Number of protein chains: 2
Amino acid sequence: MEEIDRRIVTLLAKDGRMSFTDLARETGLSVSAVHQRVRRLEKRGVLRGYAALVDYDAIGLSLTAFVSIKPIDPAAADDAPDRLAHLSAIEACHSVAGDESYILKVRVASPIALEELLNQIRTSANVSTRTTVVLSTPYEHRAPEPANSDTGKPDESA
Amino acid sequence: MEEIDRRIVTLLAKDGRMSFTDLARETGLSVSAVHQRVRRLEKRGVLRGYAALVDYDAIGLSLTAFVSIKPIDPAAADDAPDRLAHLSAIEACHSVAGDESYILKVRVASPIALEELLNQIRTSANVSTRTTVVLSTPYEHRAPEPANSDTGKPDESA
DNA sequence: CTTGAAATGCTGGTGTC
DNA sequence: GACACCAGCATTTCAAG
């Protein structure tokens, strides 16, 4: 992936609704050239989708927390992500190195809702939990600056 | 905020590029009614923006980590977020309750880049760091289900 | 919230280098 | 293979009822 594609990705990461016309102006290409590149980036999976960024306070989910989980039975099959996927309060699930096995990012309406969610997490996945409550979020979802070197990955342009 | 607005927010959270035409079909409203609502939601800050979701592997940022930081001098002014804002590898910064004061989410190209970043974080903000490396991400950026109750916040529809 | 109409933007085809 | 141009069509946007 070279210069212009990286530029396009960065621009769309900042404004996912930017028009092809504007992208064309910013990149110095014609509209259809940009169009082709975006389609290709989508097809390759570099652009995985588009999302609106919402104010969670405004939609009644004013409590954010990180929940680290650890299996109670270390011998059991580790399918926690699948077992937890039905809980829509879980926004993200990362498998991590370290003492615990996953970090979940959760959004709930209140402390009581958090308590309830933690119970559901524990029983659904047979894990213990350690919760870190978010007090405020100075920033989030900042757009990435793509690394300028090659990744070493094969170019599987379909 | 009621039913239809919540629906619009959820739909746009799932697909930030959904057209007004499609939103209108899904909500049973006319195109311009949807348009008005979206504009109002944007103005109120409920919809904070739109972003493309990128495959960080594909853009050469294949290492994700959570970095918890703690001030070395607890008496010093706590302006870590400002001091760290120039580091573009930091995607998010959350102030948290607990032993540490902030959790950062960072994206870098390699372990060496992570080492370098940690040094920059420590010197920029005069903090100690504790890093949890992400091994894989089963899911992320799942769309929220707005809480159906009122938030108790005043309706500041501008 | 609706209608309606003008401006803008999207998209695929065709041709060039 | 990558790009530019063009033309038809869809969408966006705004004014007015």
Side-chain angles (χ1 to χ4, degrees), chain A residues 1-55 58-60 143 146-158, chain B residues 1-55 57-60 143 146 148 150 154-158:
Chain A
M1 215 184 45
E2 83 337 289
E3 185 58 20
I4 295 186
D5 280 343
R6 261 182 272 130
R7 189 88 170 284
I8 291 175
V9 169
T10 301
L11 288 166
L12 283 175
K14 280 192 198 132
D15 177 4
R17 291 199 85 141
M18 182 176 290
S19 72
F20 291 105
T21 308
D22 289 344
L23 279 174
R25 186 185 353 275
E26 296 279 342
T27 56
L29 294 184
S30 72
V31 173
S32 34
V34 169
H35 186 250
Q36 278 182 36
R37 278 168 183 268
V38 170
R39 288 284 168 271
R40 199 175 49 208
L41 289 167
E42 287 171 348
K43 203 165 182 180
R44 282 200 225 156
V46 179
L47 293 172
R48 291 179 23 227
Y50 303 89
L53 305 178
V54 312
D55 177 350
I59 61 172
N148 52 9
S149 66
D150 197 285
T151 68
K153 292 180 69 183
D155 181 357
E156 53 214 26
S157 338
Chain B
M1 213 184 47
E2 80 341 287
E3 185 57 20
I4 295 186
D5 280 344
R6 262 182 269 132
R7 189 87 172 285
I8 291 174
V9 168
T10 301
L11 288 166
L12 282 175
K14 281 193 195 129
D15 177 5
R17 291 200 87 144
M18 182 176 288
S19 71
F20 290 103
T21 309
D22 289 344
L23 280 174
R25 186 183 354 275
E26 296 279 341
T27 56
L29 295 184
S30 72
V31 172
S32 18
V34 169
H35 186 250
Q36 280 179 26
R37 278 168 182 267
V38 170
R39 287 286 166 271
R40 199 174 50 210
L41 288 167
E42 288 170 348
K43 204 166 184 180
R44 281 200 226 155
V46 179
L47 293 171
R48 292 181 21 228
Y50 303 89
L53 304 178
V54 313
D55 177 350
D57 264 18
I59 62 172
N148 51 8
D150 197 282
D155 180 358
E156 54 212 25
S157 339

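All chains are named by letter (A, B, ...) in the order of the sequence lines, taking the proteins before the strands, and each is independently numbered beginning at 1. Given the structure is predicted, the values throughout are model-derived calculations rather than measurements.
Taking atom CZ on F20(B) and atom C1' on dT8(C), their separation rounds to 13 Å, with Å as the unit. Atom CZ of R17(A) and atom C1' of dG9(C) are 12 Å apart (whole Å). Following rounding to the nearest Å, D5(A) (CG) and dG1(D) (P) show an atom-to-atom distance of 16 Å. Between E3(A) atom CD and dA2(D) atom P there is a gap of 16 Å when expressed in whole angstrom units. Across the protein-nucleic acid pair, M18(A) atom CE and dC10(C) atom P stand 11 Å apart, rounded to whole Å. Taking atom CZ of R44(A) as the reference point, atom P of dG1(D) lies 13 Å away to the nearest angstrom. Computed from coordinates, the R40(A) CZ to dT11(C) P distance equals 17 Å when rounded to whole Å.
Across all their heavy atoms, V34(A) and A24(A) have their closest contact at CG2-CA, 3.6 Å. Closest of all the heavy-atom pairs between D55(B) and G45(A) is CB-O, 3.2 Å. Of all non-hydrogen atoms in G60(B) and A147(A), the two that sit nearest each other are O-CB, 3.6 Å. Nearest heavy-atom pair, G16(B) versus Y50(B), reported as atom, atom and distance to 0.1 Å: O-CD2, 3.7 Å.
In the region residues 23-39 of chain B, proximity to DNA chain C at under 4.0 angstrom, judged on heavy atoms, holds for S30(B), S32(B), A33(B), Q36(B), R37(B).
Salt bridge status for D5(A) with R40(A): present, with a side-chain N to carboxylate O gap under 4.0 Å. One finds no salt bridge joining R37(B) and E3(B) here, because no Lys/Arg side-chain nitrogen approaches an Asp/Glu carboxylate oxygen to under 4.0 Å.
Residue pairs that meet the salt bridge (Lys or Arg N to Asp or Glu O under 4.0 Å) test with at least one member in residues 10-23 of chain B, sequence neighbours left out, are D22(B)-R25(B).
Side-chain nitrogen and oxygen atoms of T21(A) include at least one within less than 4.0 Å of the OP1 or OP2 phosphate oxygen of dC10(C).
Comparing the end axes of the helix from dC1(C)-dG17(D) to dC17(C)-dG1(D), each fitted to five base pairs by superposing C1' atoms of four pairs onto the next four, gives an inter-axis angle of 30° (nearest 10 degrees).
To the nearest 0.5 Å, atoms CD (E26(A)) and CD1 (I4(A)) are separated by 12.5 Å.
No side-chain heavy atom of L47(A) sits under 4.5 Å from any side-chain heavy atom of L53(B).
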